[in-house]
Amino acid sequence: MNGAASRADALELDGCDPLARFRGRFVVPDERLVYLDGNSLGRFPKATLARVERELAEVWGGELIAGWDAGWMASPVRVGDLIGEVVLGAAPGQVVVGDSTTVCFYKLACAALDLRPGRERIVCDIEDFPTDRYVLEGIAAARGLELVWLRFDSDGGPSVGPVAAALDQRTALVSLSHVSYRSAHIADMLTINRLAHEVGALTLWDLSHSAGSVPLALDSDGCDLAVGCSYKYLNGGPGAPAFMYVGTELQDRLRQPIWGWLGRRDPFAMAPGYQPAEGAVALLSGTPPAIALACVEEGVKLVAEAGIEAIRAKGTALTEFAIRLADERLAGHDVRVGSPRNPAARGAHVALRHRDAPSLTAALHARGVVGDFREPDVLRLGLSPLTTRFADVWDGVDRLAELLSLEPSR
């Protein structure tokens with residue numbers, strides 16, 4: 001594109017988009033709505049509706065309790081292995097799907113700390129997603145541990161230098177998000193894992209804004225533990241269960257704190273005393289949310305069909321286009337980009353910073369553009385590659401430019 005970008009340029013990009021066909025695989029009730037919040041809740045896959053109807057009518061309605069033997073009971077491992085293969089770069093037997101992200105994060109953090117007795121420090125990010133911070137605060141208060149809060153550039157995220165400086169022989173756990181929920185900064189997982197291991201610490205990564213948007217290589221990057229939600233780029237639906245990853249090397253020693261019957265060896269023996277199952281199955285606790293797992297499975301199948309590399313390529317192109325438009329059309333209204341400029345260091349959303357971000361977000365909603373606000377001054381544009389068009393990016397930025405042009409001068 002030469003000169004300033006136009007809507008015609010956006011339409012041309014849509015015309016040659018190899019993933020454009022996937023938008024038709026999702027429920028889009030109003031084509032006029034510009035949905036730029038797929039990084040909070042992904043759209044509804046059409047296949048999910050058919051799958052849920054089948055699970056309800058044929059399996060629950062027809063099989064009743066036999067549905068557990070027909071596939072429900074195995075679904076945490078089956079769907080976990082699918083996520084591992086398609087999204088995480090993880091070999092089979094290391095991923096299971098179970099509880100909410102918060103509960104899964106708590107399980108893995110406690111289990112990691114139990115493997116490092118005598119160490120009293122947890123290294124974490126003061127700007128990390130709130131549930132991660134709160135869970136760690138609660139664990140630290142209960143165990144008498146010290147939280148080492150790191151501060152990074154607000155337009156970036158966890159970087160190697162400050163992490164390395166915070167590590168020593170007292171460090172038990174390093175807990176960070178791979179992609180920052182605010183800025184979309186991508187952390188250097190491989191290097192941070194190596195640095196943590198050099199001092200004998202373990203790593204726990206939150207992949208909620210990575211899974212389904214950025215290729216991951218948990219096995220080859222030496223990741224110990226990871227957790228992530230499935231309702232963003234994996235399109236698993238509101239409140240869909242989260243996944244947990246535990247590397248093979250830790251599995252025979254790891255003991256998660258919520259000892260439920262499905263994490264026990266031979267759960268149907270109903271025997272006294274808890275004996276953990278082998279492998280990642282030991283991370284499970286209660287009865288699998290079978291219908292919700294079916295929703296997650298359908299969402300991940302779409303990601304598999306599209307291919308994570310193609311998804312990443314489009315996510316990069318969408319965010320590049322959004323940043324170009326922001327520079328061309330919004331910078332004169334005191335909007336600045338709050339995400340990394342380097343596309344290799346940026347996930348699939350863009351943070352736009354402005355003093356009136358809360359009111360602008362609400363005003364955009366009223367004009368048919370759904371983004372979201374994050375404290376203190378960030379308007380996020382979540383550009384889910386399977387469903388977002390380049391024309392959506394243009395329309396969203398165009399309406400924001402119109403709003404800003406109506407602001408009284410200050």
Peer 1: Just by distance, with hydrogens left out, do His178 and Ser210 show a side-chain donor and acceptor under 3.5 Å apart?
Peer 2: yes
Peer 1: Without swapping roles, check the side chain of Asp132 against the backbone of Pro130 for a donor-acceptor pair under 3.5 Å.
Peer 2: no
Peer 1: Under 3.5 Å, which donor-acceptor pairs do the side chains of residues 52-61 form with other protein atoms, sequence neighbours left out?
Peer 2:
{"from": "Glu55", "atom 1": "OE1", "to": "Trp72", "atom 2": "NE1", "distance (Å)": "2.8"}
{"from": "Glu55", "atom 1": "OE2", "to": "Arg51", "atom 2": "NE", "distance (Å)": "2.8"}
{"from": "Glu55", "atom 1": "OE2", "to": "Arg51", "atom 2": "NH2", "distance (Å)": "3.4"}

Peer 1: With no hydrogens and no angle check, is any side-chain donor or acceptor of Ser384 less than 3.5 Å from a backbone partner on Thr387?
Peer 2: no
Peer 1: Nearest 0.5 Å, please: how far is CG in Asp356 from CG in Leu379?
Peer 2: 11.0 Å
Peer 1: Taking Asp81 for the side chain and Gly93 for the main chain, is one N or O donor matched with an acceptor at less than 3.5 Å?
Peer 2: yes
Peer 1: Kindly determine whether Arg264 and Trp259 satisfy side-chain contact (heavy atoms from CB on, under 4.5 Å), including the steps that lead there.
Peer 2: CA-CA 8 Å; Arg264 189 191 190 281; Trp259 292 2; over 6 Å; no
Peer 1: Would you say the side chains of Ser6 and Asp9 form a donor-acceptor pair under 3.5 Å?
Peer 2: yes
Peer 1: Do side-chain atoms of Arg119 reach the backbone of Arg170 as a donor and acceptor pair under 3.5 angstrom?
Peer 2: no
Peer 1: So which atom in Ala172 and which in Leu113 form the shortest heavy-atom distance, rounded to 0.1 Å?
Peer 2: CB-CD2, 3.8 Å
Peer 1: Within the distance-only criterion (no hydrogens, no angle test), does the side chain of Thr171 pair as donor or acceptor with the backbone N or O of Ala201 below 3.5 angstrom?
Peer 2: no
Peer 1: Do Glu127 and Arg182 meet the salt-bridge criterion of a basic N to acidic O distance under 4.0 Å?
Peer 2: yes
Peer 1: Run the ring-centre check on Tyr245 versus Trp205 and record whether the distance is less than 6.0 Å.
Peer 2: no
Peer 1: Could Arg255 and Asp114 be called an ion pair, given the rule that one side-chain N must be under 4.0 Å from one carboxylate O?
Peer 2: no
Peer 1: So which heavy atom on Leu195 is nearest to which on Ala164, and how close?
Peer 2: CD1-CB, 3.8 Å
Peer 1: Between Ser213 and Lys232, do the side chains contain an N or O donor and an N or O acceptor separated by less than 3.5 Å?
Peer 2: no
Peer 1: Against Leu150, only a single residue in Val163, Asp125, Asp128, Ile126 fulfils side chain to side chain contact (heavy atoms under 4.5 Å, CB included); can you say which?
Peer 2: Val163
Peer 1: Can the positive tip of Arg399 be found less than 6.0 Å from the middle of the six-membered ring of Trp394, inside 45° of the ring normal?
Peer 2: no
Peer 1: Test side-chain contact (heavy atoms from CB on, under 4.5 Å) on Thr316 and Arg312 and set out the steps.
Peer 2: CA-CA 6 Å; Thr316 299; Arg312 172 59 173 161; 3.6 Å; yes
Peer 1: For the OH atom of Tyr233 and the CG atom of Leu207, what is their distance to the nearest 0.5 Å?
Peer 2: 13.0 Å
Peer 1: In the structure I gave you, are the side-chain heavy atoms of Ser208 and Phe129 within less than 4.5 Å of one another anywhere?
Peer 2: no
Peer 1: Taking side chain as C-beta onward, heavy atoms only, is Arg133 less than 4.5 Å from Trp149?
Peer 2: yes
Peer 1: Within a radius of less than 6.0 Å around CD of Glu249, do more than 12 heavy atoms belonging to other residues, nucleotides or ligands occur?
Peer 2: no
Peer 1: Got more than 12 heavy atoms from elsewhere within 6.0 Å of CD, Glu120?
Peer 2: yes
Peer 1: Sorted by first residue and then second, give each salt bridge (Lys or Arg N to Asp or Glu O under 4.0 Å) pair with at least one member in residues 154-166; sequence neighbours left out.
Peer 2: Asp155-Arg336, Asp155-Arg353
Peer 1: Do His349 and His209 pass the ring pair (Phe, Tyr, Trp, His ring centres under 6.0 Å) test, and can you show the C-alpha distance, the side-chain angles, and the key distance before you say yes or no?
Peer 2: CA-CA 9 Å; His349 67 271; His209 284 273; 5.5 Å; yes
Peer 1: Salt bridge check, Lys301 against Glu305: does any charged N sit closer than 4.0 Å to a carboxylate O?
Peer 2: no
Peer 1: Hey, is Arg324 close enough to Glu320 for a salt bridge, meaning N to O under 4.0 Å?
Peer 2: no
Peer 1: Does the distance from a Lys or Arg side-chain N to an Asp or Glu carboxylate O, for Asp398 and Arg7, drop under 4.0 Å?
Peer 2: no
Peer 1: Is the backbone N or O of Ser183 less than 3.5 Å from a side-chain atom of Ser339, with the two atoms forming a donor-acceptor pair by type?
Peer 2: yes
Peer 1: Can you tell me if Lys314 uses its side chain to pair, donor with acceptor, with the backbone of Thr388 under 3.5 Å?
Peer 2: yes
Peer 1: Kindly determine whether Phe243 and Leu88 satisfy side-chain contact (heavy atoms from CB on, under 4.5 Å), including the steps that lead there.
Peer 2: CA-CA 11 Å; Phe243 60 83; Leu88 304 182; 3.7 Å; yes
Peer 1: Quick one: do Glu31 and Arg23 make a salt bridge, cutoff under 4.0 Å?
Peer 2: yes
Peer 1: Are Phe26 and Leu302 packed together at the side-chain level, in the sense that at least one heavy-atom pair is separated by less than 4.5 angstrom?
Peer 2: yes
Peer 1: Look at Arg341 together with Asp327 and state whether they make a salt bridge at an N to O cut-off of under 4.0 Å.
Peer 2: yes
Peer 1: Between Arg194 and Asp221, does at least one N-O distance fall below 4.0 Å, as a salt bridge requires?
Peer 2: no
Peer 1: Do you know which two heavy atoms are closest between Pro340 and Ile323, and how far apart they sit?
Peer 2: O-CD1, 4.3 Å
Peer 1: Does Pro257 reach the side chain of Lys107, with side-chain heavy atoms less than 4.5 Å apart?
Peer 2: yes
Peer 1: Salt-bridged, Arg78 to Glu297, with N to O below 4.0 Å?
Peer 2: yes
Peer 1: Please check: side-chain N/O of Gln94 versus main-chain N/O of Ala91, any donor-acceptor pairing under 3.5 Å?
Peer 2: yes
Peer 1: Give a yes or no on whether the backbone of Leu360 and the side-chain of His354 come within a donor-acceptor separation of less than 3.5 Å.
Peer 2: no
Peer 1: Checking the side chain of Asp14 only, and the main-chain atoms of Arg389 only, is there a donor and an acceptor separated by less than 3.5 Å?
Peer 2: no
Peer 1: Could I get the full list of side chain to side chain donor-acceptor pair (under 3.5 Å) partners for Thr203, not counting sequence neighbours?
Peer 2: Asn193, Asp224
Peer 1: Closest heavy-atom contact between Leu190 and Ser220?
Peer 2: CD1-O, 4.1 Å
